[in-house]
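Computed over heavy atoms, backbone and side chain alike; hydrogens, waters and symmetry mates excluded. Here the structure is a predicted model, which is why all the values come from computation and not from measurement. In what follows, chains carry the letters A, B, and so on, assigned in the order in which the sequence lines appear, proteins first and then strands, with residues in each chain numbered from 1.
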Amino acid sequence: MILDPFGGRAAEIIEEFGGLMKTLMIIPDYVDPDEVIKRVSWEDKPPDELIDMNDIEDVLGFYALLGALSIKPYGFEVEEVMKRNAEIYLHRIRLVGRFDGAAGIEAVGREDLPSRDAFILERRGLRGVTPEERENLRIAYRIHLSDFLKFWEGSLKDVYVRSGYAYLSKPQALEVWRGYFRRRFSEVLRSIEGLESEFYKGLNEKMGELIRKRAGSTLYTGSVKAQPLRFDLFPPCVRMALEGVPSGMRNYAITVLLTSFLSYARFCPNPSRKDVRLRDCVQSVREVEEEVVSVVIDAGNRCSPPLFEDQPNEIKNVWYHLGFGFTEKPSLDDSGSSVWYFPPNCDKIRANVPQLCNPDEFCRGIRNPLTYYLRRLFREKQRQGGDGAGTGAEGGGDG
Amino acid sequence: MAELFRQVSVRERKLYYSREWRVSMVPSFIRETLNLRELGFDHDGNGPSDRKNVFYDPRDLEDYVRLTSPYAIYSSIALYDEPGEMRGWRGAELVFDIDAKDLPLRRCNHEPGRVCPICLEDAKQLAKDTLVVLKEDFGLENVHVIYSGRGYHLRVLDDWVMELDSKAREKVLAYVSAAEDVTFEDLEGKRVMLSSGYFRVFRLRFGYFIERVNENHLVSAGLNKAQIRGVLNNRPKIVEGFVKKGMLTAFPKGVGYGAMLKLFHLSSTYSKAYFDGRVTVDVKRILRLPSSLHSKVGMVATYVGSKESDVERFNPFRSAVPKFRRREVEEAYKEWLEGEGGDGL
């Protein structure tokens with residue numbers, strides 16, 4: 001039973017066929033498209049016939065899907081095929097209870113950890129923990145940090161780190177494996193080029209049809225319209241910037257973050273193209289002055305020491321970030337003289353001014369402060385039963 | 001009055017590069033990969049505008065530096081197939097930059113943006129703690145500490161680290177700087193007591209924090225008067241019991257989970273700022289060349305070593321002073337010790 005379609009036995013089979021591209025060439029002669037589609041069409045849990053299958057059939061079926069995806073290697077279909085096939089292999093891993101070295105995950109015993117730490121991690125001293133929960137807390141695997149950092153989406157705080165390894169419970173190891181599968185899937189997909197056969201085109205169409213049908217109405221692409229700002233729904237970093245920040249953080253917090261955030265949030269929450277200008281979104285510069293620049297200046301004045309007293313030229317930089325060029329008194333025609341800066345992503349903010357990043361419960365999964373705001377706006381409107389429902393606010397932001 | 005730090009003149013730069021500096025003073029981890037690195041020069045103090053230089057032979061670099069006596073010299077942390085074009089990225093050192101002038105929780109009273117021996121001592125403490133974390137938690141073996149002129153650089157060259165992308169570097173930075181908050185669940189589940197991993201790093205940073213925190217900080221964190229008194233009067237016990245052994249009982253009576261979480265949050269807020277995160281996540285950055293002169297402060301960027309004891313022993317006012325300033329710095333250091341700063345060290 002193959003546990004990893006990118007390593008071990010699967011790699012051997014592909015090698016026996018003469019490598020990846022040669023395997024993809026011979027697949028149409030061996031594989032029935034209707035059988036392959038079964039790897040994607042299952043609901044709830046993968047059927048037994050997909051779990052317990054012949055190794056060669058398994059490998060050819062999996063790579064047939066990759067070949068079909070290479071025709072259009074992006075979009076919802078890729079996600080769906082990746083997710084469902086990962087579940088097939090994860091199901092097998094759970095069944096046999098081992099990883100066979102996939103993703104570099106290796107088994108460890110209790111003796112590999114200091115006993116006090118194992119005691120704490122497994123919550124052995126706590127009552128009310130069921131045997132199943134305890135089993136899921138038990139540190140049973142480890143992976144070298146060089147691999148772990150590639151495959152783990154979360155933070156290093158979530159796992160036990162020691163001497164170059166991350167020590168993992170079973171659920172954590174499965175999550176690492178998911179990250180490994182996702183990464184290898186994308187890498188192999190990117191490496192496939194020039195498959196022109198009708199077999200793969202047909203399989204791609206069939207697969208796309210099935211996935212689109214299943215996704216149905218849950219896929220939505222819409223937009224939030226420009227509207228007055230709701231300061232109470234701003235992310236923590238923007239709220240902190242609004243309150244004024246100390247020297248060392250001022251230029252980034254005020255000129256870079258606040259200026260870009262307020263302007264996009266107010267006038268263009270869902271930019272339709274990359275090179276959008278403020279003049280495309282407002283009637284006059286006055287609107288920008290009154291609703292964005294005045295707020296930025298107020299926040300700058302609350303800084304210690306006050307930003308614009310300290311650096312009077314910085315106001316020109318604010319206009320520069322709004323796309324009006326380095327000027328103090330712009331006209332609407334100046335819009336487009338420089339780039340209208342999009343709000344920086346959270347990782348950029350953390351890297352530049354880590355003190356600004358104090359995530360709250362709504363920050364989970366957010367990569368850009370604007371997405372945070374739009375998501376909360378969307379939820380707020382849903383809660384109130386207003387016209388926000390179905391406006392797809394979740395779509396904007398991450399740039 | 002003699003000055004510890006001052007800008008050097010063009011004549012002094014020439015003196016340093018012609019009489020003192022030799023290319024053999026550049027650490028071997030850079031010299032051996034010199035042909036794969038981009039070199040940048042700042043000739044007038046306005047920033048490194050002379051970029052994308054490549055030297056295939058260290059002697060060529062020596063000739064160029066002797067000829068130009070630059071204000072500052074930088075080399076890329078990245079290795080390239082074509083360094084002159086910054087093409088063919090092969091990997092980059094993982095760097096932690098501790099700038100003494102930007103450190104929060106200062107023990108000295110001078111205005112922000114300046115550096116004194118106490119700030120440098122604090123930066124050294126952070127560099128030493130970071131070295132321990134990198135070696136013990138990450139199992140790294142090729143780590144070098146450099147005195148940068150106004151702080152410390154930690155440069156890691158282990159093979160697997162060189163390949164890390166920015167996202168992975170950000171995660172390492174968050175770990176090393178204990179930037180993530182300790183939660184109620186971490187306290188309740190006793191994870192904060194673990195002898196290795198994130199919570200040990202957190203306690204290490206918390207130790208640095210608790211030794212420097214003052215009443216005003218604790219007031220702003222929301223602690224009441226009794227709690228503040230309890231914390232400030234029990235610093236050694238907290239360090240000994242909580243920081244070193246992970247015992248929550250080291251906190252005085254009246255400092256419960258709520259107050260601890262406030263303290264922990266404040267500690268994380270500060271510890272995030274010990275490092276310049278931009279340097280760590282940037283995989284194409286140029287960094288001051290060890291052995292070169294930091295002309296703004298008149299000190300030499302100096303290789304310290306790769307062991308904790310090397311960092312411990314290092315004294316920038318003995319080992320990082322160019323010959324032409326030795327007497328002046330000696331005198332200024334003496335004046336400083338007799339005056340404002342003696343108690344802080």
Side-chain angles (χ1 to χ4, degrees), chain A residues 104 112-126 129 137 139 144-167 183 240 246-249 252 304-305 345-361 367, chain B residues 102 104 112-113 133 135-141 158-161 163-183 186 188-202 246 265 268-282:
Chain A
D112 291 302
L113 251 67
S115 55
R116 181 174 173 251
D117 288 353
F119 189 87
I120 293 171
L121 290 164
E122 293 171 21
R123 300 191 181 190
R124 275 188 244 156
L126 293 179
V129 181
L137 289 168
I139 298 298
H144 194 265
L145 286 171
S146 53
D147 289 322
F148 181 75
L149 285 164
K150 280 188 265 183
F151 309 142
W152 182 256
E153 284 292 314
S155 106
L156 282 167
K157 184 194 169 205
D158 304 334
V159 292
Y160 183 79
V161 174
R162 187 182 165 87
S163 305
Y165 285 88
Y167 286 77
R183 190 177 171 113
M240 191 173 172
S247 158
M249 297 161 65
Y252 193 85
S304 166
N345 276 348
C346 301
D347 53 359
K348 284 262 161 48
I349 298 170
R350 273 196 300 277
N352 282 284
V353 191
Q355 302 95 311
L356 272 180
C357 186
N358 298 290
D360 66 12
E361 71 269 29
R367 289 194 297 134
Chain B
D102 297 328
V133 172
K135 287 190 162 186
E136 292 183 4
D137 292 20
F138 289 84
L140 297 167
E141 292 170 343
D158 289 64
D159 288 345
W160 68 268
V161 162
E163 294 166 9
L164 294 178
D165 60 17
S166 290
K167 207 172 155 194
R169 286 165 198 253
E170 201 193 323
K171 285 181 192 168
V172 176
L173 175 67
Y175 181 95
V176 167
S177 63
E180 289 182 62
D181 268 335
V182 169
T183 63
D186 298 327
E188 198 191 26
K190 310 286 182 238
R191 282 161 57 88
V192 75
M193 295 165 67
L194 289 168
S195 73
S196 187
Y198 179 80
F199 295 96
R200 189 188 72 129
V201 182
F202 174 81
H265 175 70
S268 275
T269 306
Y270 284 122
S271 64
K272 282 177 203 173
Y274 298 157
F275 302 92
D276 183 346
R278 289 169 298 190
V279 178
T280 305
V281 300
D282 189 347

**Asked** Under the side chain to side chain contact (heavy atoms under 4.5 Å, CB included) criterion, do B:R191 and A:L121 qualify, and how do the steps go?
**Response** CA-CA 7 Å; B:R191 282 161 57 88; A:L121 290 164; 4.1 Å; yes

**Prompt:** In terms of heavy-atom proximity below 4.5 Å to chain B, should A:R123 be classed as side chain, backbone, both, or neither?
**Reply:** neither

**Request:** Select one option (side chain, backbone, both, neither) describing which atoms of A:D158 are under 4.5 Å from chain B's heavy atoms.
**Result:** backbone

**Request:** Go through B:G139, B:S268, B:S196 and name the one with the most non-hydrogen pairs under 4.5 angstrom from chain A.
**Result:** B:S196

**Asked** Given the options A:L149, A:L113, A:D147, which has more heavy-atom pairs under 4.5 Å with chain B than any of the others?
**Response** A:L149

**Message:** Run A:Y160 and B:L194 through side chain to side chain contact (heavy atoms under 4.5 Å, CB included) and show every step you take.
**Reply:** CA-CA 9 Å; A:Y160 183 79; B:L194 289 168; 4.1 Å; yes

**Message:** With chain A as the partner, which of B:G277, B:G197, B:S195 has the greatest number of non-hydrogen pairs under 4.5 Å?
**Reply:** B:S195

**Request:** Could you tell me which portion of B:F199 (side chain, backbone, both or neither) has an atom closer than 4.5 angstrom to a non-hydrogen atom of chain A?
**Result:** side chain

**Prompt:** Between B:L173 and chain A, which part of the residue has a heavy atom less than 4.5 Å away: side chain, backbone, both or neither?
**Reply:** neither

**Asked** Considering only heavy atoms, which portion of B:D137 lies under 4.5 Å from any heavy atom of chain A: side chain, backbone, both, or neither?
**Response** both

**Message:** Is A:E153 in contact with chain B via its backbone, its side chain, both, or neither, using a 4.5 Å heavy-atom distance?
**Reply:** both

**Prompt:** Which is it for A:S155 and B:E180 under the side chain to side chain contact (heavy atoms under 4.5 Å, CB included) test, yes or no, and what are the steps along the way?
**Reply:** CA-CA 9 Å; A:S155 106; B:E180 289 182 62; 2.9 Å; yes

**Prompt:** Using non-hydrogen atoms only, which part of B:D159 is less than 4.5 Å away from chain A: side chain, backbone, both, or neither?
**Reply:** neither

**Message:** Please identify, among A:K348, A:R162, A:K157, the residue contributing the most non-hydrogen atom pairs under 4.5 Å to chain B.
**Reply:** A:K157

**Message:** Does any backbone or side-chain atom of B:V176 lie under 4.5 Å from a heavy atom of chain A? Answer side chain, backbone, both or neither.
**Reply:** neither

**Request:** Specify which of B:D158, B:D186, B:D282, B:L140 makes the most heavy-atom pairs with chain A at under 4.5 Å.
**Result:** B:D186

**Request:** Can you establish whether the number of heavy atoms outside B:K171 located under 6.0 Å from its atom NZ is more than 12?
**Result:** yes

**Fill in**
Pair count under 4.5 Å, heavy atoms only, with chain B: among A:P359, A:A351, A:G248, highest is A:A351

**Flag, side chain of A:K150 to backbone of B:D165, donor-acceptor distance under 3.5 Å** = no

**Asked** Is chain A contacted by the side chain of B:K167, its backbone, both, or neither, given a heavy-atom distance below 4.5 Å?
**Response** side chain

**Message:** With a 4.5 angstrom heavy-atom cut-off, is it the side chain or the backbone of B:V279 that approaches chain A, or both, or neither?
**Reply:** neither

**Message:** Tell me if a side-chain donor or acceptor on B:K272 pairs with a main-chain N or O of A:L356 at a distance below 3.5 Å.
**Reply:** no

**Item:** By ring-ring contact (aromatic ring centres under 6.0 Å, His included) - contacts of B:H265 (at least two apart)
**Value:** none

**Prompt:** Any donor and acceptor pair, going by atom type alone, linking the side chain of A:S146 with main-chain N or O of B:W160 inside 3.5 Å?
**Reply:** no

**Prompt:** Just by distance, do the side chain of A:R116 and the backbone of B:M193 share a donor-acceptor pair under 3.5 Å?
**Reply:** yes

**Portion of B:F138 that has a non-hydrogen atom of chain A nearer than 4.5 angstrom** = both

**Proximity breakdown for B:E170 and chain A, heavy-atom pairs closer than 4.5 Å** = side chain

